[in-house]
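Everything on this sheet refers to the single structure shown next.
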Amino acid sequence: MAEDRLMDKIIDVCKRRGFVNPTAEIYGGAGGFFDYGPLGTLMRQKIIELWRQSFVLDEDKVFEISGSTLLPESVFQASGHLESFDDPLVQCAKCNSMYRADDIIKRNTGESAEGLPIAELDKKIKENEIKCPNCKGELGNTRQFNLMFKTEIGSTGGINGYLRPETAQNIFINFKRLAGFMRNKLPFGIAQFGSSFRNEISPRSFLIRGREFEQMEIEMFYDPEKENEHPRWEEVADIDINIVTRDMQEKGWKKPLTMTAEEAVNKKHVPNQYLAYYLALETEMLLVLGIKAEDFWFRHMQDHEAPHYSAGNYDLEVNLSIGHMEIVGNALRTDYDLRKHAKASKSNYEIVVDEKKILPHVCEPSLGVGRILYTVLEKCYREDDRGWTWFQFPPTVAPLEVAVFPLMKKDGLAEFAHDVHTELKEAGYLSFYDESGKIGKRYARADEVGIPFCVTIDYDSLKEYSVTIRDRDTMDQIKLPLEDLEVALGELMEGDSDFQEFIDFANEK
RNA sequence: ACGCUAAUAGUCUAGUGGCAGGACUUCGCCCUUCCAAGGCGGGAACCCGGGUUCAAAUCCCGGUUAGCGUACCA
């Protein structure tokens, strides 16, 4: 745990500098909901684009859709969410501890009470004289806690609707049309980004567990008999991934195993190529976001942690100040969802492969936008002994990429600088202009929100059309002709060379 | 969800049953030829709703939000 609450510092700077703030603050707020401010929105957009580029656009057979967030009850009846998201809970009258009613009955009687109606559960608790395991107090009546937000569709409330608790269902209920679009040929993937909602009993930990959260998901459909014939396997086979096996978890582990994706599949640490493929892509994405390889790993979830349909769930966990947190979930959902929806809707979801009709299996990487954003904030946060703070964002996720300052406001420097700022914006850079106060303070303000480069216009600029680029991380500066600025910034943004190498290169030139 | 604790400008904080103060930030002007530190001036707050009281930001009750603990998180 952080001694001085790193998360509180991050929340503070997020609120002050326009990253993220609680929803409806002026009315006391609403727990578990957050609004992205100007910088948070830019950064969130960059994270989504990064995902879109590598998980969707770079792929051959993956297309993105955008489905409705509100879905009729029938969808969740079929998917099983109505049942599994509706937990019957009992509370001890004496110590107020809460338990799942079906769970506590099973523990006491050995018989499964899953899915029983409330009255039956209460009856079983009375009959078997089940007491609170904590203090032996009397248990109260069972109450339903539904984690889905419920509403009514139509002005007269014709049918019940729910905000989706995961984005995945839109894809499964559209499977027939999507498969048709993909010419009924496996494998293919359908991606979707969007909000999901869960009415958590107690949301906590800022963006890590909200009631509305954004997911970037793919449902990759494949023939289970060809689970190790991923068409793009060569692209990822050599990528190193960190794995924590079930075996390691039982023995107590300190360091994850590092191995190539190829090795992970061959040694059966990961069930198949489809899953391993995404573990590799996620690893690459996190590295690009500036998160170090030693700070995250994929944990093979234990049987009791995984959903009942799962043929293997691998959580991407990050080592954060508040402990190990899941920020991405990877699931092999088998044909569970397609089977359920095909049956409930009386549709035929089968696809012909090698003259056989099969129901595809699905591999689902599900990335949490807010959780990834928070991870980046925490891992890039820096402070010195003066109490000054800044974000060392890689340019790829930095909400603003360059700040343009006139050394002074007067003598035409401000006008010159503003023109440079305008040109950079037109060239596609996320540029920020500031002329107020002293230059040092402006550098500090830029650093605080993680702007990687500052461009300063001074008296030399007027004389010889030169500008100075300042590097956030080293505070080094280099002067170069104005006409070279856009190209120079482009090279620095790519991050192929560090600032010092760049200075040397420019000097030689 | 329950329990404990807390809530005063954007941030940090002082404070008392009787006019709400400071620092930093922010804004304007001046100064200033490169890393938050000069000068002058301005703006900005007692979480919400009830109650007690002549008088409540202060005391009481309820709520909200946050932190911690327990529980929950297919």
Side-chain angles (χ1 to χ4, degrees), chain A residues 1 5 7-9 11-18 21-33 37 76 79-100 103-104 114 132-135 140 143 145 147-148 165-166 168 198-206 208-211 213 301 304-310 313 322 325-326 329 331 333 336 384 386-390 405-411 413 436-448 454-462 468 470-472 474-477 479:
Chain A
M1 290 293 147
R5 296 280 318 160
M7 181 176 269
D8 287 341
K9 294 180 190 178
I11 293 172
D12 179 55
V13 71
C14 277
K15 289 197 279 198
R16 277 189 297 109
R17 302 304 309 268
N21 58 275
T23 296
E25 271 182 299
I26 62 165
Y27 295 114
F33 294 94
F76 301 112
S79 70
H81 284 90
L82 217 49
E83 209 175 282
S84 64
F85 262 61
D86 205 22
D87 289 338
L89 299 179
V90 283
Q91 188 160 28
C92 169
K94 205 167 124 196
C95 72
N96 289 318
S97 300
M98 302 255 286
Y99 306 94
R100 278 185 62 150
D103 189 53
I104 202 169
E114 228 181 299
C132 170
N134 183 34
C135 73
R143 285 178 291 170
F145 283 80
L147 287 183
M148 286 195 292
E166 59 171 6
R198 293 181 194 180
N199 201 357
E200 299 284 354
I201 293 172
S202 69
R204 261 178 213 194
S205 303
F206 194 44
I208 298 296
R209 186 134 71 103
R211 288 187 165 124
F213 55 99
M301 291 170 81
H304 65 272
E305 295 175 300
H308 48 292
Y309 53 71
S310 172
N313 267 52
I322 53 170
M325 291 304 310
E326 173 210 350
R333 295 177 76 133
Y336 176 87
D384 64 15
R386 293 167 297 190
W388 299 357
T389 77
W390 68 98
F405 305 143
L407 185 58
M408 302 290 166
K409 216 189 299 192
K410 59 188 181 186
D411 300 330
L413 293 179
S436 77
K438 294 187 164 38
I439 186 97
K441 190 159 192 171
R442 281 177 264 151
Y443 286 140
R445 275 197 288 225
D447 290 347
E448 191 184 20
C454 293
V455 170
T456 306
I457 303 303
D458 58 19
Y459 287 94
D460 289 345
S461 308
L462 294 180
T468 305
R470 168 210 186 249
D471 175 52
R472 175 196 61 206
T474 59
M475 300 201 302
D476 287 337
Q477 300 193 331
K479 183 165 287 193

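Throughout, protein chains are lettered first and strands after them, A, B, ... in sequence-line order, and every chain is numbered starting at 1.
A salt bridge links A/R470 to A/D447: at least one charged side-chain nitrogen sits closer than 4.0 Å to a carboxylate oxygen. Using a 4.0 Å cut-off between a side-chain N of Lys or Arg and a carboxylate O of Asp or Glu, A/R333 and A/E166 qualify as a salt bridge.
Contact annotation: A/K479 side-chain N/O to B/C34 OP1/OP2 distance is not under 4.0 Å. Under 4.0 angstrom from either OP1 or OP2 of B/U26 there lies at least one side-chain N or O belonging to A/R445. Phosphate contact (OP1/OP2 of B/U32, side-chain N/O of A/K410, threshold under 4.0 Å): present.
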Summary of protein contacts for nucleotides 37-50 of chain B, nucleotide by nucleotide, where a base hit scores B, a sugar-phosphate-only hit scores S (4.0 Å, heavy atoms): SB------------
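Taking a pair to require two hydrogen-bonding distances under 3.5 Å in either a Watson-Crick or a G-U wobble arrangement, B/C4 pairs with B/G67.
Contact annotation for A/E25: no contact, since no heavy-atom pair falls under 4.0 Å across all strands.
Evaluation of atom-type donor-acceptor distances gives no pair under 3.5 Å for the side chain of A/E200 against the base of B/A1. If you check distances only, the side chain of A/S202 does reach the base of B/A71 with a donor-acceptor pair under 3.5 Å. Taking 3.5 Å as the limit, the base of B/C72 and the side chain of A/R209 contain a donor-acceptor pair of atoms between them.
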For nucleotides 8-14 of chain B, which of its nitrogen or oxygen atoms have a protein nitrogen or oxygen under 3.5 Å away, and what is each distance?
none

Polar-atom pairs under 3.5 Å, protein N or O versus N or O of nucleotides 66-69 of chain B: list them with distances, or write none.
from: B/C68; atom 1: OP1; to: A/R5; atom 2: NH1; distance (Å): 3.1
from: B/C68; atom 1: N4; to: A/R204; atom 2: NH2; distance (Å): 3.0
from: B/G69; atom 1: N7; to: A/R204; atom 2: NH1; distance (Å): 3.4
from: B/G69; atom 1: O6; to: A/R204; atom 2: NH2; distance (Å): 2.6

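One can place CG of A/D458 at 8 Å from C1' of B/U33, the figure rounded to the nearest angstrom.
Counting only heavy atoms from C-beta on, A/H81 has its side chain closest to B/A74 among B/C72, B/C27, B/A74.
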